[in-house]
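In what follows, a structure is listed as structure tokens, so that the remarks can point back to it.
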Amino acid sequence: MKKILPLLLLALVAALTVTGCKKRCMSAEGPTDVRILNHTGQFLDDVTVTTTDDVSYDDRVYNYGTVADGAYTDYHRFDIAFPKADITLNIGGVTWSTPAVNFSYLTYIGQDRITYTLTIADQVNHVLGLEVTIEEPIDDL
């Protein structure tokens, strides 16, 4: 019994050391670095991206602010992202959005840097088009 207790303590310390990390831990789901490219021909205000409807992810919504036509935003790191996203924004005081997304059956993008390119899909109904481009793997994890 005296030999088992120190071994259990050693195993516990080793397990805590291995699982604790200062950077975000990698997983098959992510993280994913996401930026926006504005190809709408318009000036975009209050560009808000939601990458999942799973509320257990703290970092699932981010506001990129204002994006000029033809401009890229900086990357923002999300814990998880998919080839589709819920994006809302304002053009001249009018709210535009991507079509509603059912995230249930989508495949994770994973540990990559991606660009969501925004276009005008339906001028009358204020619907945005969305295309995703995988740029490169994240190598700073």
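Just so you know, these numbers come straight off a predicted model, no measurement behind them.
Remark: the His39 side chain and the Asp69 side chain contain no N/O donor-acceptor pair separated by less than 3.5 Å. Of the N and O atoms on the side chains of Asp54 and Thr52, not one donor lies less than 3.5 Å from an acceptor on the other residue. Counted by atom type alone, Asp112 and Thr32 present zero donor-acceptor pairs between their side chains at under 3.5 Å.
By the 4.5 Å heavy-atom criterion applied to side chains, Tyr116 and Ile87 are counted as neighbours. The side-chain heavy atoms of Phe43 and Ile91, taken from C-beta on, include no pair separated by under 4.5 Å. The shortest distance between side-chain heavy atoms of Leu89 and Leu128 falls below 4.5 Å. Counting only heavy atoms from C-beta outward, the side chains of Trp96 and Val127 never approach each other to under 4.5 Å. For the pair Thr50/Arg60, a side-chain contact is recorded, criterion being any heavy-atom separation below 4.5 Å from C-beta on. A heavy-atom distance below 4.5 Å is not found between the side chains of Tyr75 and Ile114. Pro83 has its side chain within reach of Ile109: a pair of non-hydrogen atoms, C-beta onward, lies under 4.5 Å apart.
A donor-acceptor pair under 3.5 Å is absent between the side-chain atoms of Thr40 and the main chain of Thr119, judged by distance alone. A distance-only check finds a donor-acceptor pair linking the side chain of Thr73 to the backbone of Ile36 [under 3.5 Å]. A donor-acceptor pair under 3.5 Å is formed between the side chain of Asn102 and the backbone N or O of Ser104. When atom types are taken as modelled, the side chain of Asp45 and the backbone of Thr66 share no donor-acceptor pair closer than 3.5 angstrom.
With rounding to the nearest 0.5 Å, the separation of NZ in Lys84 from CG in Leu106 is 6.5 Å. Atom CD1 of Ile80 is separated from atom OH of Tyr57 by 3.5 Å, given to the nearest 0.5 angstrom.
Residues Ser97 and Thr88 come closest through the heavy atom pair CB-CG2, 3.8 Å. Here the closest non-hydrogen pair linking Val34 and Ala81 is CG2-CB, 4.2 Å. Heavy atoms only, all atoms of each residue included: Ala121 and Gly129 are closest at CB-N, 3.6 Å.
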Candidate pair Tyr64 and Asp74, rule side chain to side chain contact (heavy atoms under 4.5 Å, CB included), full reasoning: CA-CA 8 Å; Tyr64 286 89; Asp74 290 333; over 6 Å; no

Full working for side chain to side chain contact (heavy atoms under 4.5 Å, CB included) between Tyr62 and Thr48: CA-CA 6 Å; Tyr62 183 74; Thr48 302; over 6 Å; no

Test log, rule side chain to side chain contact (heavy atoms under 4.5 Å, CB included), inputs Thr107 and Phe82: CA-CA 6 Å; Thr107 303; Phe82 296 97; 5.9 Å; no

From CA spacing to verdict: side chain to side chain contact (heavy atoms under 4.5 Å, CB included), Thr95, His126: CA-CA 7 Å; Thr95 301; His126 307 130; over 6 Å; no

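Other members of a hydrophobic cluster containing Val61 are absent, since no ILVMFWY side chain comes under 4.5 Å of it, directly or through relayed contacts.
Put simply, the residue from Asp33, Asp59, Thr51 that forms a side chain to side chain donor-acceptor pair (under 3.5 Å) with His76 is Asp59.
Linking Ile, Leu, Val, Met, Phe, Trp and Tyr residues whenever their side-chain heavy atoms come within less than 4.5 Å places Val132 and Ile120 in a single cluster. Hydrophobic clustering, with ILVMFWY side chains joined whenever heavy atoms are under 4.5 angstrom apart, keeps Leu37 apart from Leu44. Hydrophobic clustering, with ILVMFWY side chains joined whenever heavy atoms are under 4.5 angstrom apart, groups Val47 together with Val94.
Applying the salt bridge (Lys or Arg N to Asp or Glu O under 4.0 Å) test to residues at least two apart or on different chains, the pairs with a partner in residues 119-138 are Arg35-Glu135, Arg113-Glu136.
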